[in-house]
Novice: 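One structure, as structure tokens, below. Some questions next.
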There are 2 protein chains.
Amino acid sequence: MSLPHAILTALLEKPSSGLELTRRFDRSIGYFWSATHQQIYRELGRLEEAGHIRALPSPVPARGQRKEYEVLPAGRESLREWVGAAEDPKPLRSALLLRMRAAAVVGTAGLRAELERHLALHRAQFEEYAAIEERDFPAGRRTAEPDRLRHLVLRGGIELERFWLEWLGAALEELGPGE
Amino acid sequence: MSLPHAILTALLEKPSSGLELTRRFDRSIGYFWSATHQQIYRELGRLEEAGHIRALPSPVPARGQRKEYEVLPAGRESLREWVGAAEDPKPLRSALLLRMRAAAVVGTAGLRAELERHLALHRAQFEEYAAIEERDFPAGRRTAEPDRLRHLVLRGGIELERFWLEWLGAALEELGPGE
DNA sequence: CCGAACATGTAAGAAGTTACATGATTCT
DNA sequence: AGAATCATGTAACTTCTTACATGTTCGG
């Protein structure tokens, strides 16, 4: 039940059309809750139906016509409740850890290259985050609470990538010099 | 496409019935790929259909009757291919990070208690992992490759929990002494 | 023989993914 | 007018979740 709240958050940060939301889910919000445009349009329909958002009045509400949405009070309230609600963390699901365990049983053929590929992907993501941090949260500047919270979220992303870099490094070392 | 491979791995480690698998997915394998008994029975059916596993001959193959499965060569081969296949990491999805970002917009009411609850859950998981490590991989003992790989997987789980403990600690500090 | 635990399943629906369809606008 | 891009949507399918259904075995 996170997607509607992700959309509400994005729309509160800035009213947008479905396509704009899709683009923002390819960066920013999408860094910790991804969604495709199909999911987003479907969910926009549901949120409007539920009275949590509304389409801004537009001259021609037709297909192919841009439709911009804004959050209604009921939507903001729903989001506020969700922030403090009790919701257990989902159990971890990592295909890579699983594959490592499978490798313990059927052998490590091909695994080394795959780990190196993942290492490169995580390195790129890490650097992207680091660049955002440098741009938006430069060291030594005092920031207001909303910004401090957003920085905290970004730090989470950064440290998770650091975790993967370290784990992949250890795994490659464990596998030895290779094929 | 990870669940069938998770099941193949578990069955190679030890042939089991559906219920036994379910129990093992509540610990062990389930620490990084969770599944319910409904998913497991359905997938066992598909794997059998595909000729990747087979039910051990039993006198009475009826409903309510225990059915034990073992992996066939085709299943082992499929697992071996998967270990080295190219499969991108799934983008991160964390409802907690998302909620933190929502809190930056609608306020942090109730968030502190929720973060403390998560902290306790992650602390418990961390300690469970640490106990397993101490039991199965005591320091200073030389182990064979399969065990070293399994240890690597466990280290991944441990370090991920450590990440959450640290991030939650930082978040609570950021939120200040409370409500 | 009754209840608890064991064991395997069915059904319905929500969430997520992939492929495709359609209309509007803008640039050449 | 045609092509590219913007923009919204449908359809079909897979996966995951939640609730329920049914039969077996074993201890008291």
Side-chain angles (χ1 to χ4, degrees), chain A residues 1-8 10-11 15-26 29-30 32-50 53-56 58-69 82 87-95 98, chain B residues 1-8 10-11 15-26 29-30 32-50 53-56 58-69 82 87-95 98:
Chain A
M1 287 284 299
S2 295
L3 179 57
H5 299 107
I7 291 178
L8 287 173
L11 287 181
S16 304
S17 68
L19 192 61
E20 276 170 5
L21 279 177
T22 301
R23 295 202 206 294
R24 293 170 63 197
F25 271 81
D26 285 339
I29 295 273
F32 40 88
W33 202 273
S34 63
T36 62
H37 85 268
Q38 293 88 340
Q39 280 179 281
I40 289 169
Y41 284 117
R42 176 150 36 99
E43 200 60 46
L44 283 172
R46 288 178 190 164
L47 284 166
E48 188 175 23
E49 174 95 15
I53 62 175
R54 63 163 189 155
L56 291 182
S58 104
V60 197
R63 192 185 178 116
Q65 234 12 299
R66 186 190 144 85
K67 221 171 19 172
E68 186 148 17
Y69 291 94
W82 184 65
E87 197 172 274
D88 285 351
K90 290 250 158 125
L92 168 65
R93 273 200 174 169
S94 165
L98 185 57
Chain B
M1 288 285 297
S2 294
L3 179 57
H5 299 108
I7 291 177
L8 287 173
L11 286 181
S16 304
S17 67
L19 192 60
E20 276 169 6
L21 279 177
T22 301
R23 295 201 205 294
R24 292 170 63 196
F25 270 81
D26 285 337
I29 295 273
F32 40 89
W33 203 274
S34 62
T36 62
H37 83 268
Q38 292 88 340
Q39 280 179 279
I40 288 169
Y41 283 117
R42 177 155 30 98
E43 201 59 48
L44 283 172
R46 289 179 190 163
L47 284 166
E48 189 174 23
E49 175 96 15
I53 62 175
R54 64 162 187 155
L56 293 182
S58 102
V60 198
R63 191 186 179 115
Q65 237 8 301
R66 186 190 145 85
K67 222 170 17 174
E68 185 149 17
Y69 291 94
W82 184 65
E87 197 172 274
D88 284 351
K90 290 250 158 124
L92 168 63
R93 274 201 173 167
S94 165
L98 184 57

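Proteins get letters first, then strands, A, B, ... in listed order; numbering begins at 1 in each.
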Novice: Taking only heavy atoms on the protein side, list every residue of residues 41-49 of chain B lying under 4.0 Å from any atom of DNA chain D, sorted numerically.
Specialist: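 The answer is B:R42, B:R46.
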Novice: Could you pull out all residues at least two apart from A:R93 that satisfy salt bridge (charged side-chain N to carboxylate O under 4.0 Å, His left out)?
Specialist: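 Once residues adjacent in sequence are excluded, A:R93 has no partner under the salt bridge (charged side-chain N to carboxylate O under 4.0 Å, His left out) criterion.
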Novice: Whole Å only: how far is the CG atom of B:L21 from the C1' atom of C:dA7?
Specialist: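 The distance from CG of B:L21 to C1' of C:dA7 comes to 13 Å, rounded to the nearest Å.
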Novice: Is any side-chain heavy atom of B:E87 less than 4.5 Å from a side-chain heavy atom of B:W82?
Specialist: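 SC-SC contact between B:E87 and B:W82 confirmed.
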Novice: Applying side chain to side chain contact (heavy atoms under 4.5 Å, CB included), name anything that partners A:R23, two or more places apart in sequence or on another chain.
Specialist: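 By the side chain to side chain contact (heavy atoms under 4.5 Å, CB included) rule, A:R23 matches A:L19.
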Novice: Given D:dT25, is OP1 or OP2 found less than 4.0 Å from the side-chain N or O atoms of B:Q65?
Specialist: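 Yes.
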Novice: Once side chain to side chain contact (heavy atoms under 4.5 Å, CB included) is applied, do any residues pair with B:E48, and if so which ones, sequence neighbours excluded?
Specialist: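 B:E48 satisfies side chain to side chain contact (heavy atoms under 4.5 Å, CB included) with B:I53, B:A55, B:Y69 once adjacent residues are dropped.
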Novice: Identify, with sequence neighbours excluded, every residue that meets side chain to side chain contact (heavy atoms under 4.5 Å, CB included) alongside A:P91.
Specialist: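 A:P91 satisfies side chain to side chain contact (heavy atoms under 4.5 Å, CB included) with B:S34 once adjacent residues are dropped.
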Novice: What residues form a side chain to side chain donor-acceptor pair (under 3.5 Å) with A:S17, not counting sequence neighbours?
Specialist: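 Listed in chain order: A:R66.
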Novice: So does A:Q39 get a side-chain nitrogen or oxygen closer than 4.0 Å to the phosphate oxygens (OP1/OP2) of C:dA15?
Specialist: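 Checking A:Q39 against C:dA15: no side-chain N or O falls below 4.0 Å of OP1 or OP2.
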Novice: Could you tell me how far apart A:Q38 (CD) and C:dT22 (P) are, to the nearest whole angstrom?
Specialist: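 One finds 16 Å between P of C:dT22 and CD of A:Q38, rounded.
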Novice: Which sits closer to the 5' end of DNA chain C, B:K90 or B:E20, going by the nucleotide each is nearest to?
Specialist: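 The residue closer to the strand's 5' end, by nearest nucleotide, is B:E20.
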Novice: Can you measure A:H37 atom NE2 to C:dA21 atom C1' for me and round it to whole angstrom units?
Specialist: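 So the NE2-C1' distance, A:H37 to C:dA21, works out to 10 Å.
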Novice: Between P on D:dG23 and CG on B:L19, what's the gap in Å once rounded to a whole number?
Specialist: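 Rounded to whole Å, this separation is 18 Å.
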Novice: To the nearest Å, give me how far apart CG (B:D26) and P (C:dC6) are.
Specialist: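 For the pair B:D26 CG and C:dC6 P, the rounded distance is 13 Å.
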Novice: Rounded to whole Å, how long is the line connecting atom CG of A:D88 with atom P of D:dT17?
Specialist: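 In whole Å, D:dT17 P lies 13 Å from A:D88 CG.
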Novice: Rounded to the nearest 0.5 Å, what separates atom CD1 in A:I29 from atom CD1 in A:I7?
Specialist: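 Output value for this atom pair is 10.0 Å.
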Novice: Distance check needed: D:dC16 C1' versus B:M1 CE, whole Å only.
Specialist: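 One finds 15 Å between C1' of D:dC16 and CE of B:M1, rounded.
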Novice: By the 4.0 Å heavy-atom rule, please label B:T22 as base, sugar-phosphate, or nothing.
Specialist: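 If one applies the 4.0 Å heavy-atom cut-off, B:T22 turns out to touch nothing in the nucleic acid.
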Novice: Give the rounded distance in Å between these two atoms: CD1 of A:I40 and P of D:dT10.
Specialist: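 After rounding, the gap between these two atoms is 16 Å.
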Novice: Find which nucleotide of DNA chain C each of B:R93 and B:R23 is nearest to by heavy atoms, and output the residue with the more 5' nucleotide.
Specialist: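 Of the two residues, B:R23 wins.
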